[in-house]
Amino acid sequence: MKPRIKELLDTNPCEQQFIIEGWVRTCRHSGSLCFIELTDGSCLSGIQVIAEAGLKNYAEEIRHLSTGTAVKVVGPLVESPAKGQRVEVRAKKIEILGPAPADPGSYPLQKKRHSFEFLRSISHLRPRANALGAVTRIRSELNFALHRFFRDQGFFQVHTPLITTSDCEGAGEMFTVTALSDKELQQSEPFTQDFFGRKAGLTVSGQLQAEIYALSHARVYTFGPTFRAENSNTSRHLAEFWMLEPEMAFCDLGCDMDIAEALIRNLISTVLDNCEQDLDLFHRFISKGLIEKLEVVRQQTFTRMTYTEAINELEGAQQQFEYPVTWGGDLQAEHERFLCEEIAGRPVIVTDYPKTIKPFYMRQNDDGKTVAAMDILVPGIGELVGGSQREERLDLLTARMQGAGLDLEEYSWYLDLRRYGSVPHSGFGLGFERLVQFVTGMSNIRDVIPFPRTPGNAPC
Ligand code: 4AD
Ligand code: MG
């Protein structure tokens, strides 16, 4: 494989003729030389290429290189006299692979700061912008690190289905998947005639299927696209997002929290160690103080409190909230952020929520009013993780499902898991884009996923 610019920037000067392919970020000429900054996406910095007037296509091509042009450069690495770079390339040959017109009307991504809104309107070009390029690398690093974390702890990855007939969260936010025509859909009970013989949709969570494998392999996780047809136009909701869902047998709520906390701190530590240059960009231009904030997460344990304690804290706070705080109501983003930003100054794990606001599968506590749930809230975002110990007792689960109006026949497989070798087990879901937001300090979730899907928006 040809070396990438990231590797070359760490290589000592040498006479070897390297082939470097990339896109021109800037080109300026001075006297009989052209200074070209070339990027290939491998890191934030580009490499400087020096072209001399003696090169055969200098006057017609090289001198007029414009931002975005794709080129192939051949030449040795020489010591750079310029500040902040060890090496540069002394071009022996520059070949234009794909030209890009110089005027901004033709090539919209000029070398200047564009707004994130504008960049969203050119999703085919935006990964070439510095911040979006850095998000791409950090997202990839987090993705790799999470698989390594679980493999090191004896977990297996399970690929749960995207098309499913069970609505795990019971919130009615499933997209329907159908092969019926518009006309066939008008008939009564149309889905009995549909592809699967019943109504199917895109998964809102792989948890129920992950539970099946947790009860055979003890430690598993699923990680994949998750779909929710919720009409929330906020900076932290997508209709298609990636969710990481570990599920552990022989594990109670305390163990669930310990694993989630260890995971988040491990992932942040990996990014702090491996993505220094990209983090520095976010620290300087997007979210001041980001690196210190991440260091706090790496070094300090999370604060833990029950839902009831959280409500008491919020009620006692000298703060006007838009949504009222009452025991029994769901915490809103403003409450979640207040708890971790103002009260704890670090991530907070809230446990034991009222059972009326949580799904059927969560384990009931002895008080009869709350369930063994836990949400992890982080500064700047609010909820990053939602999880719980699962109800492993057949009679209590059956009653809960009946209360939620679920068809017990349809979920007989889920109940069977409580009939044959049921054990205490727990799991959680971590919103991967919210994690990328937290790590980069990017304020809108649409800018941390390559192709955001939100209400009214799925351009390509
Ligand atoms: O809290 P949620 O709904 O939990 C579940 O789905 C459980 N079945 C998970 C489990 O226990 N295995 O979602 C989990 C996380 C949230 O905390 C949030 O970070 C993220 O998924 N999330 C979203 N992220 C982006 N856009 C949305 N519309 C999201 N909805 C949830
Ligand atoms: Mg939740």
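All ligand and atom numbering here is 1-based and tracks the order in the structure.
Using a cut-off of 4.0 Å between Lys/Arg side-chain N and Asp/Glu carboxylate O, Glu392 and Arg363 are scored as salt-bridged. By the 4.0 Å N-to-carboxylate-O rule, Asp447 lies close enough to Arg120 to be salt-bridged with it.
The contact set between ligand 1 and Ser205, taken as ligand atoms under 4.0 Å from a residue heavy atom, comprises 6 (O), 8 (N). Listed by number with element, the atoms of ligand 1 under 4.0 Å from a non-hydrogen atom of Gly386 are 1 (O), 9 (C), 10 (C), 11 (O), 17 (O). For ligand 1, the atoms lying closer than 4.0 Å to a non-hydrogen atom of Glu230 are 27 (C), 28 (N), 30 (N). Every atom of ligand 1 with a heavy atom of Tyr361 under 4.0 Å away is listed here by number and element: 7 (C), 8 (N). For ligand 1, the atoms lying closer than 4.0 Å to a non-hydrogen atom of Arg236 are 25 (C), 26 (N).
Taking distance alone, with nitrogen or oxygen atoms compared against 3.5 Å, Ser388 stays at or beyond that limit from ligand 1. For ligand 1, the polar-atom distance check finds no N/O of Val204 at less than 3.5 Å from any of the ligand's N/O atoms. Residue Ile445 has no N or O atom closer than 3.5 Å to an N or O atom of ligand 1. The shortest N or O to N or O distance between Leu238 and ligand 1 is under 3.5 Å.
Heavy atoms from both the backbone and the side chain of Glu383 come within less than 4.0 Å of ligand 1. Contacts of Asp375 with ligand 1, taken as heavy-atom pairs under 4.0 Å, are absent altogether.
Side-chain polar atoms of Thr226 and Glu240 form no donor-acceptor pair below 3.5 angstrom. Checked by atom type, the side-chain pair Tyr361/Gln207 shows a donor-acceptor distance below 3.5 Å. Side chains of Trp327 and Thr308: a donor on one and an acceptor on the other come within 3.5 Å. Using modelled atom types, one finds no donor on one side chain facing an acceptor on the other under 3.5 Å when comparing Ser235 with Asn444. Looking at Gln389 and Asp252, their side chains never bring a donor and an acceptor atom within 3.5 Å of each other.
One option in Phe428, Phe432, Phe227, Phe241 has a heavy atom closer to atom 22 (N) of ligand 1 than any other, and that option is Phe241. Among Glu433, Arg434, Met374, the residue whose heavy atom sits closest to atom 18 (C) of ligand 1 is Arg434. The residue from Arg390, Glu245, Lys358, Glu247 that puts a heavy atom closest to atom 11 (O) of ligand 1 is Arg390.
Of the protein's non-hydrogen atoms, Gly431 CA, 3.6 Å is the one closest to atom 20 (C) of ligand 1. The nearest protein atom to atom 6 (O) of ligand 1, hydrogens excluded, is given as Arg228 NH2, 2.8 Å; this is a heavy-atom distance. Considering only non-hydrogen protein atoms, atom 7 (C) of ligand 1 sits nearest to Glu169 OE2, 3.3 Å. Protein heavy atom in closest approach to atom 19 (O) of ligand 1: Leu384 O, 2.9 Å. Regarding atom 14 (C) of ligand 1, its nearest protein heavy-atom neighbour is Met243 SD, 3.3 Å. When hydrogens are left out, the protein atom nearest atom 15 (C) of ligand 1 is Gly429 O, 3.6 Å; that is the closest non-hydrogen contact.
Heavy-atom minimum distance, Pro459 versus Arg453: CD-NH1, 4.0 Å.
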Just distance, no hydrogens or angles: give the donor-acceptor pairs under 3.5 Å from side chains in residues 296-305, sequence neighbours left out.
from	atom 1	to	atom 2	distance (Å)
Arg298	NE	Glu295	OE1	3.3
Arg298	NH1	Ser269	OG	2.9
Arg298	NH1	Asp273	OD1	3.1
Arg298	NH2	Glu295	OE2	3.1
Gln299	NE2	Glu295	OE1	2.8
Gln300	OE1	Arg346	NE	3.4
Gln300	OE1	Arg346	NH2	3.2
Arg304	NH1	Asp258	OD1	3.2
Arg304	NH2	Asp258	OD1	2.9
Arg304	NH2	Glu261	OE1	3.1

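Ser140 contributes no side-chain N or O that, together with a main-chain N or O of Arg137, makes up a donor-acceptor pair within less than 3.5 Å. Side chain of His425 to backbone of Phe250: no donor-acceptor contact under 3.5 angstrom is found.
Partners of Glu173 under the side-chain contact (heavy atoms from CB on, under 4.5 Å) rule, at least two apart in sequence or in another chain, are Ala171, Arg228, Glu230. In this view, Phe155 and Phe150 satisfy the ring pair (Phe, Tyr, Trp, His ring centres under 6.0 Å) rule, not counting sequence neighbours.
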Does the side-chain contact (heavy atoms from CB on, under 4.5 Å) test come out yes or no for Thr67 and Tyr107, once each step is laid out? CA-CA 8 Å; Thr67 301; Tyr107 184 58; 4.1 Å; yes
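If you take CD on Glu433 and NE2 on His237, they are separated by 12.5 Å, rounding to the nearest 0.5 Å.
With waters neither drawn nor counted, the protein N/O/S atoms under 2.8 Å from the Mg ion (ligand 2) amount to 1.
With a 6.0 Å cutoff to the six-membered ring centre and a 45° limit on the axis angle, Arg148 does not count as a cation-pi contact of Phe144.
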